[in-house]
Amino acid sequence: MKFPKAAILFLVFFTLLGCNSKEDLLNNSDILPENIIETVLINSNKEIIIYDDIYTEGISTAFLAKGVTGFGNKIIKTGSFLDTNEKSKVSYHVTNHKWSDNENTSIIYGLVNDPQITKLIISDLTKQNFIEISPQMKEIRNRRLWYITLDKPFTSFKLGLQAYNAEGEIVYKVEP
């Protein structure tokens, strides 16, 4: 039995394109669905997965680039992690990624470990990337995760952090 040339071309095309589903990539990267804390949508083709890392027992990130029509998906684990055993009122970690289209994404993320903290203000004291920004905070599985994403590399910086209570008073501050 002979395959028509079109069928062979079709198989070669999809083999070269890659047929990895998002779920297969995550499972093959040891990022199980129950360990995913948050998925941050950068655009329709790019996501950042924030997850509990089973090897470091910390929180890590992975960058997911979606291929055309769901084919050719790629995942890149950052290899760095946020230590969840840290006892500070607010912890943080910074990760950068350059996508295959040469665009950059940075994520600054952490945990709020003090129940009286209701608001954070993050400052780039060099003012190269931003001046001040208030990150998103989400209650997820009895933890309060916060994060911000930037569309540029965040490689050399001085990060300032101010944490406020419900009355608007500063209850924690980090400055280099």
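From a predicted model like this one, the values you see are computed outputs, not experimental measurements.
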Next on the checklist: More than 12 heavy atoms of other residues, nucleotides or ligands under 6.0 Å from CD of Glu57: yes or no?
Outcome noted: no
Checklist entry - What do you reckon, is NZ of Lys46 surrounded by more than 12 foreign heavy atoms closer than 6.0 Å? => result yes
Using side-chain heavy atoms (C-beta onward) and a distance below 4.5 Å, is [X] in contact with [Y]?
X      : Y      : value
Ile54  : Asn35  : yes
Thr95  : Tyr109 : yes
Lys89  : Val112 : no
Asn113 : Ser91  : yes
Ser60  : Ile50  : no

Checklist entry - Does Tyr164 have any ring pair (Phe, Tyr, Trp, His ring centres under 6.0 Å) partners at least two apart in sequence or in another chain, and if so, which? => result none
Next on the checklist: I'd like to know if Asp114 and Arg144 make a salt bridge, using a cut-off of under 4.0 Å between side-chain N and carboxylate O.
Outcome noted: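 A salt bridge is absent here (no side-chain N lies under 4.0 Å from a carboxylate O).
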Next on the checklist: If I compare all heavy atoms of Lys66 with all of Ser44, which pair ends up nearest, and what's the gap?
Outcome noted: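 Residues Lys66 and Ser44, closest heavy atoms: CD-O, 3.7 Å.
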Checklist entry - Hey, what's the ring geometry for His97 with Phe63, parallel, tilted or perpendicular (30° and 60° as the breaks)? => result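 Correct class here is parallel.
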Checklist entry - Using links of under 4.5 Å between side-chain heavy atoms of ILVMFWY residues, direct or through other members, which residues join Tyr51 in one cluster? => result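 Leu25, Leu26, Ile31, Ile36, Ile49, Leu64, Ile75, all in the cluster of Tyr51.
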